[in-house]
Every structure is written in C-alpha cells, then in structure tokens.
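Only one structure is covered here, and it is reproduced in the block below.
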2 protein chains.
Amino acid sequence: MAKKDVPSKVTIVEVAEKAGVSLGTVSRVMNNDIHVAPDTRERVAAVMREMGYVANRQARGLKGSRTNVIGVLAPDLGTGYIGEILHGIDTELGLHQFDLMLFTTHRTAIKEANYVANLVKGMVDGLLLILPRNPADYTGILTNANFPFVLIDHQGTGSLCPAVGATNWQGAYNATEYLIKLGHKRIGFITGSMDLGAAIDRLDGYKSALQVHHIPEDPQLIYEGTFFQPDGYAGGSALLDLDDPPTAIFASNDVMAMGAMDAIRGRGLRIPEDVSILGFDDIPQSAMVRPALTTVRQPLEHMGRLATQMLIDQLKNPEKGIDRVELPTQLIVRDSTLSPKDRAG
Amino acid sequence: MAKKDVPSKVTIVEVAEKAGVSLGTVSRVMNNDIHVAPDTRERVAAVMREMGYVANRQARGLKGSRTNVIGVLAPDLGTGYIGEILHGIDTELGLHQFDLMLFTTHRTAIKEANYVANLVKGMVDGLLLILPRNPADYTGILTNANFPFVLIDHQGTGSLCPAVGATNWQGAYNATEYLIKLGHKRIGFITGSMDLGAAIDRLDGYKSALQVHHIPEDPQLIYEGTFFQPDGYAGGSALLDLDDPPTAIFASNDVMAMGAMDAIRGRGLRIPEDVSILGFDDIPQSAMVRPALTTVRQPLEHMGRLATQMLIDQLKNPEKGIDRVELPTQLIVRDSTLSPKDRAG
DNA sequence: GAAACGCTTGGAAACGTTTCCATAATATTA
DNA sequence: TAATATTATGGAAACGTTTCCAAGCGTTTC
C-alpha cells in the first residue's frame with residue numbers, strides 16, 4: 001500500500017494561504033484573540049472548517065503554551081476505586097475540552113518523583129495526583145515549580161496544597177457509633193495501609209467513637225491491613241479466632257470487608273445474624289454482594305469531578321488561593337449489619 | 001512566591017554545552033544511534049544523568065518522530081469492563097516504557113471520527129480502540145493514513161485490520177449447551193447491543209446450540225438489551241411474565257445478568273432453584289455476588305495486554321502483516337445454575 | 001605513500017505553533 | 001483638519017528536538 005499521509009496534513013500555513021491572511025491571524029482566530037476583525041475571523045474560521053484543520057498540539061505545547069491535556073497520576077488500575085475517580089475526572093474534563101493522560105506509578109520507583117515531574121512537564125497543563133504514596137515527594141517539587149496540581153484523597157502531609165478528600169474520620173466515627181447503637185460492644189477493626197492519611201483517619205474515627213461511648217479499646221480487635229482483599233480474609237480470620245471474638249467487624253474499605261465476609265462464611269457463621277460486617281467506600285459491587293454490604297459511602301466520582309474543576313480553575317486563574325475540600329461521607333445501611341444476638345456465656 | 005521554573009529546565013543545548021559536544025551528538029546518544037564513539041556516549045550520558053535531563057516530548061514529537069505515548073480510545077469509563085482491559089494495557093505498556101493517553105468518546109459525536117483521528121495524530125504513536133461503536137469510521141481513516149492501531153473486542157466489519165477479541169460464539173455455544181445438558185429446555189436470552197459484533201456472535205452461539213440439540217428457537221425467549229443493567233432487569237421481568245417462562249436465563253453480559261437476578265428475586269423466585277441465571281464476561285463482582293454467578297469468562301486483561309503487544313510490534317516492525325487473534329473464553333460454573341426442577345403442568 | 005573508505009562529529013534546517021513587535025488602517029479628539 | 005489613540009494585521013523569532021548533509025580524521029587497501 002502506498003504510504004499516504006495521515007488524514008490530511010493541513011497546517012496553519014495552508015489555512016493562512018487559502019484565507020489570504022498571515023499565520024499570526026489564523027493563530028489569533030483559533031485562540032479567540034480579541035484583536036481580529038469579525039469578517040476576517042469568519043472567513044478564516046470558514047476555511048478551517050472547510051479544510052478540516054486540527055491544531056497540532058505538539059507544536060502548540062512546544063511554544064510554552066497550554067496543551068489542553070491534564071495528567072493523572074494513579075497508583076494503578078487494579079481496583080474499582082481508582083476507576084470511579086477516573087470516571088469523575090473524565091466526565092468533568094469532557095465539559096472543558098481537555099484530554100486526559102494517564103500515568104500509573106505502580107511500576108515507577110519511589111525515588112522517581114522528580115523524574116515524573118520532569119517528564120510530565122510540557123505534556124500536560126496540570127496534574128491530578130490520586131492517592132500518592134509519597135505525596136511530599138511530589139508536592140514539594142510541584143509547588144516550587146509553580147505547577148498546577150490537586151491531590152485526591154490525600155491531605156498532603158505538612159505544607160498546604162490543593163486537595164480534595166472525604167471526611168474519613170467522621171465517616172468511621174458515624175459507622176462505629178451506628179454499630180454501638182445496634183448493641184455491639186466488641187467491634188473488630190481492619191485498618192488500611194497506615195502510611196495513608198485516610199487509613200489513619202478512619203482508625204481514629206473508630207477509636208473516638210468507642211471512647212465517647214465508654215467502650216474500652218482493645219488492641220486485639222485491631223488488625224492492620226493494607227486495603228487489599230486478602231488482608232480482609234486474614235483479618236477476619238484472626239479476629240474470629242480470638243477467645244472473645246467480635247460481634248461486628250468494620251473494615252477500612254469494601255474489598256477487605258468482602259474478604260472478611262468470606263472468612264466469616266468459611267467458619268460456618270452467618271452474616272449478619274452471627275457477625276455484622278461493615279465496609280468503607282461503597283464501590284459498585286457492595287450493593288451487589290449478598291448480603292448487600294453496609295458501608296460508608298465515599299463520593300469517589302464526585303471527588304474526581306471536583307478535583308478536576310479545582311485544577312481547571314487554577315489553570316484559568318493562577319493567582320487564586322489554594323483550596324482544600326472534604327466531601328461528606330455517608331453511612332449506607334444495607335443487609336450486612338444487625339443487632340448482636342444474645343450470647344450465652 | 002517567586003515563580004521558579006519547573007524543576008530544572010535543562011535542554012539538550014545545556015547538555016551539549018556542558019559535555020562539549022554538539023546538539024546532534026546529544027540527540028544521537030539519546031536515541032542510541034550507532035554512530036557515536038563509546039567514550040563520547042559515556043561522557044554525554046553522564047552529563048545527562050548529572051543534570052537530570054529529561055527529553056521534552058513535545059519537541060520530539062513535533063519533528064515527526066515517535067512520542068512514546070500510545071492512545072486508547074474507549075467509549076467510557078463507567079463499567080468495570082473497560083477498567084479490566086485498561087489494566088492489561090497499562091501493565092504491558094509499563095514494560096515497554098510507553099505512556100498512555102486516554103480518550104473517551106462518550107461525549108464525542110459519532111461523526112467526529114475524523115476529528116479524533118486528526119487530533120490524536122502527533123500526540124501518540126499508535127492507537128488502541130476499545131469497542132468502538134462505529135469502527136468502520138476509524139479503521140478506514142487509520143488504514144489509509146497508515147497509522148498503527150489495534151481493535152479490541154471488535155472484529156472490524158469488512159476490511160481486515162489488526163484486532164484482538166474473544167471467542168464469543170464459542171463461549172455462548174458452550175454455555176447454552178451446558179444449560180441444555182443440565183436439563184433446561186426453555187432458555188431465555190438477553191442480547192447486547194446488536195450493533196456490536198460481540199453481541200451478534202453471542203446470540204448466534206446461543207441459537208446454534210439450541211439447533212444442534214433440537215430445541216426449537218422461540219423468538220419470545222429472546223429479549224433485546226444494550227449491555228446495561230436496567231436491560232437485564234427489564235429483560236428478566238419480560239421473560240418471567242411469559243405464559244411459559246424460561247427455567248434459565250442467559251444474559252449477554254454479567255451486569256445484565258445481575259439486573260435479571262434482581263427481577264427474579266423481586267418476584268419471590270429463588271436462584272438457582274427456580275430459575276438458573278448465566279452471564280458473560282466474568283467481571284470481578286460476579287464472583288462476589290450471591291449466589292455467585294455462573295458465567296463465560298472473557299480474558300479482558302489479557303486482551304488488553306495482547307493488543308498492546310501487537311501494537312508495539314507494529315510500531316517496531318511496520319511492515320508486518322496484520323494479526324487478528326481471538327482469545328478463548330471459558331465457562332465458569334458457580335452457584336447460579338442448577339437443573340430445572342420438575343414442573344407439574 | 002596516496003586514494004578511498006568508514007566512522008564520528010558539527011552545523012543547520014525543519015517541524016507547526018505562539019507571541020511579540022512593528023506597521024498600516026481606521027476612529028477619535030481637539 | 002491635524003494629531004492622537006485604537007484596532008487589525010503582517011512578519012519574524014522562538015520553543016526543543018530530529019535528521020540530513022558535509023567535513024574531519026584515522027584506517028585500510030592497492
């Protein structure tokens with residue numbers, strides 16, 4: 001096959017020629033510059049339409065201007081969790097005619113934060129960081145560089161930077177309180193990765209609720225996980241093996257809750273009659289699982305959308321102050337929680 | 001805050017200067033060009049490391065060369081289905097030092113295929129098209145342009161083009177046969193969007209199995225859906241309302257199967273005792289749902305990985321013939337299917 | 001020992017934009 | 001009506017690379 005050229009390689013030059021104006025004018029039309037006469041604008045626009053002109057974004061980006069692409073740095077794509085956030089980001093981006101460039105860091109060594117920051121430079125106008133493991137590495141560099149970014153689901157340690165998160169503490173507090181009011185006194189807790197702010201906040205919320213309701217905190221009831229399903233299974237098993245096992249288990253996210261459910265069922269116990277189980281996140285399958293999982297809803301998609309809005313705001317309006325917002329979490333009661341039955345002995 | 005420059009804006013020029021060579025030489029070092037003396041190469045490389053040089057990809061792309069970014073065109077991010085594929089793509093891409101640019105078409109009008117093709121040009125070295133609604137629009141343009149691409153889960157209508165899919169027909173055939181062997185005679189079928197090849201193939205597989213086993217095809221038992229959950233509910237309801245309702249329902253994907261499950265339960269019927277249900281895809285939540293869903297596993301992640309490999313192959317080796325591969329599907333029997341109970345009258 | 005060759009390197013053009021500066025044309029003011 | 005302010009446009013430099021061409025230089029070959 002003869003090697004034809006990609007669709008039609010029409011550049012600003014051809015447009016200018018055909019419209020009988022200079023390059024500068026065509027560029028100005030494209031960028032909605034004020035200083036161009038209405039009829040000129042119309043004529044040029046017509047030619048552009050007619051020739052099917054599409055700006056070459058490489059060239060545009062090269063000359064130090066915006067690329068209309070924003071970058072998303074995500075740990076990986078394995079969990080539905082990231083997918084939900086991405087969905088929100090994508091939706092909002094669509095509204096503003098931006099495109100999305102996705103970088104996953106799962107393969108990138110920790111120390112490469114600088115490399116990433118460099119790499120990304122020039123390719124994207126701004127960066128959305130989802131749940132970075134080592135946020136300080138990034139935030140320092142990016143702040144210094146005055147490069148627009150927003151943190152998602154992480155309240156960057158130390159220095160103030162734009163971020164959107166959820167009320168993790170409050171959500172965990174409310175959920176724990178709900179279990180207590182149901183009558184549970186021994187409530188197991190499976191934590192997330194404790195290097196993540198969200199995990200810490202959830203644990204704190206749990207502890208605070210116990211304290212307020214005068215239930216002594218039992219270290220045995222706290223199992224340290226890392227947000228993955230196997231931890232839920234392991235944690236559930238460990239908790240049930242206790243001499244005085246909990247009547248309810250609160251996992252720091254839904255997939256661990258599902259792991260714990262398997263552990264419970266594996267021991268021939270019923271959910272929720274024998275053991276109540278409660279999650280965090282409200283990922284889509286939580287409603288589908290049987291019994292449907294009671295959980296703390298985190299507005300993931302909304303978080304994605306909001307962060308995107310904030311970033312675009314920053315882009316349009318560089319001198320704005322930095323925002324940090326926390327979206328409310330919400331307890332979703334389904335079928336996996338119940339009052340504990342009276343236990344003899 | 002003083003506006004510092006992004007990390008350190010070190011260009012090829014500075015590197016050349018510091019290393020005491022010309023621009024061309026530095027470029028040659030970066031691109032592993034043969035014609036550069038070992039010691040020169042070493043010296044330049046050292047300087048690059050030392051200065052933390054990272055190539056500006058815009059500039060590189062501009063001069064007609066590769067960008068090391070590949071584009072993914074996906075309908076949307078709403079379903080876990082796409083997520084799985086993306087996961088595979090991302091994994092493979094990581095191995096080859098490529099980055100990923102994601103374009104979602106849900107917002108883009110059908111007719112804009114040309115626009116997209118143009119837009120993408122220059123930004124990415126190749127394109128992965130996931131389940132395009134109107135593949136012909138793209139494939140024609142891209143083929144003409146000699147632009148590398150691979151279709152995922154769509155056997156591009158008409159002209160031959162690189163594609164990876166799954167054995168949809170065989171999967172549906174096997175699943176239907178399995179139900180028949182269980183003793184089912186009236187098997188309801190909920191189709192996907194019939195403008196998609198995969199949906200057509202699945203329906204055909206179902207029909208063929210019936211035919212081979214001498215079960216008459218009943219148009220009433222076929223409900224046309226569009227791959228979304230509400231269709232599953234509606235389809236399930238419609239099928240159960242038949243005078244002679246099916247004892248098993250086979251949905252063209254898992255989310256519709258779950259919709260159908262709700263419809264079944266809503267009528268007070270039990271799964272699988274009263275009605276068996278079978279899905280397609282094996283998305284993660286299928287194993288989690290209760291009862292766990294019997295389904296036809298599509299190796300989504302693997303498809304993503306393979307397509308990516310094929311694309312990278314094409315990039316490195318432009319004159320290769322075009323490959324089309326179908327990955328095998330596999331029936332996963334779980335708890336949602338059972339022999340029909342004997343029905344009196 | 002000279003010619004031819006091959007390898008390494010420097011230099012410069014080119015990629016398609018944006019943006020700044022200058023100039024021409026037009027409108028406003030005194 | 002002349003002087004001035006304003007607006008519309010053209011021209012050219014700049015962005016950071018790649019790549020082509022040619023030149024330098026050391027080796028081989030006759």
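Values reported hereafter were calculated over all heavy atoms of this structure, with side chains retained and with hydrogens, waters and symmetry mates removed.
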Problem - B/Ser193 side-chain N/O to B/Asp195 backbone N/O, donor-acceptor pair under 3.5 Å - result: no
Problem - side-chain contact (heavy atoms from CB on, under 4.5 Å) involving A/Asp313 - partner list, sequence neighbours excluded - result: A/Lys320
Handout entry: Under the side chain to side chain donor-acceptor pair (under 3.5 Å) test, residues paired with B/Glu17 that sit two or more places apart
Key = none
Problem - Partners meeting side-chain contact (heavy atoms from CB on, under 4.5 Å) with A/Ala37 (sequence neighbours left out) - result: A/Asp39, A/Thr40
Please write out the pairs of protein N or O atoms and N or O atoms of nucleotides 6-12 of chain C separated by less than 3.5 Å, giving the distance to one decimal.
| unit_1 | atom_1 | unit_2 | atom_2 | d |
| --- | --- | --- | --- | --- |
| C/dT9 | OP1 | B/Thr40 | OG1 | 2.3 |
| C/dT9 | OP2 | B/Ala37 | N | 2.8 |
| C/dT9 | OP2 | B/Thr40 | OG1 | 3.4 |
| C/dG10 | OP2 | B/Ser22 | N | 2.8 |
| C/dG10 | OP2 | B/Ser22 | OG | 3.2 |
| C/dG10 | OP2 | B/Thr25 | OG1 | 2.8 |
| C/dG10 | N7 | B/Arg28 | NH2 | 3.0 |
| C/dG10 | O6 | B/Arg28 | NH1 | 3.4 |

Handout entry: Separation of D/dG16 P from B/Asn56 CG (nearest whole Å)
Key = 7 Å
Exercise for the section: State which residues pass salt bridge (Lys or Arg N to Asp or Glu O under 4.0 Å) with A/Glu301; sequence neighbours excluded, sorted by chain then number. Expected result: A/Arg305
Completion exercise
The side chain to side chain donor-acceptor pair (under 3.5 Å) partners of B/Gln309 (sequence neighbours excluded) come to none
Handout entry: Interatomic distance, B/Arg60 CZ vs D/dC15 P [rounded to whole Å]
Key = 19 Å
Problem - Length of the CG-P vector between B/Asn32 and D/dT19, whole Å - result: 13 Å
Practice task
Output every pair passing salt bridge (Lys or Arg N to Asp or Glu O under 4.0 Å) with a member in residues 18-36 of chain A, not counting sequence neighbours, ordered by first then second residue.
Solution key: A/Lys18-A/Glu50
Completion exercise
Students should find that the end-to-end axis angle of the helix from C/dG1-D/dC30 to C/dA30-D/dT1, with five pairs defining each axis and rounding to 10 degrees, is 40°
Problem - Any B/Asn31 side-chain nitrogen or oxygen under 4.0 Å from OP1 or OP2 of D/dT18 - result: yes
Problem - d(CD, B/Gln58; P, C/dT17) in whole Å - result: 13 Å
Completion exercise
With sequence neighbours left out, the residues meeting salt bridge (Lys or Arg N to Asp or Glu O under 4.0 Å) with B/Glu14 are none
Practice task
Quickly work out the A/Glu17 CD to D/dG10 P distance and round it to whole Å.
Solution key: 13 Å
Handout entry: Exam field: side chain B/Asp125 to backbone B/Asn68, donor-acceptor pair closer than 3.5 Å
Key = yes
Exercise for the section: Starting from P on D/dG16, measure out to CE on B/Met48 and report it in whole angstrom. Expected result: 17 Å
Practice task
Pick base, sugar-phosphate or nothing for A/Thr11, based on heavy-atom distances below 4.0 Å to the nucleic acid.
Solution key: sugar-phosphate
Handout entry: N or O in side chain of B/Ser27 less than 4.0 angstrom from D/dT17 OP1/OP2
Key = no
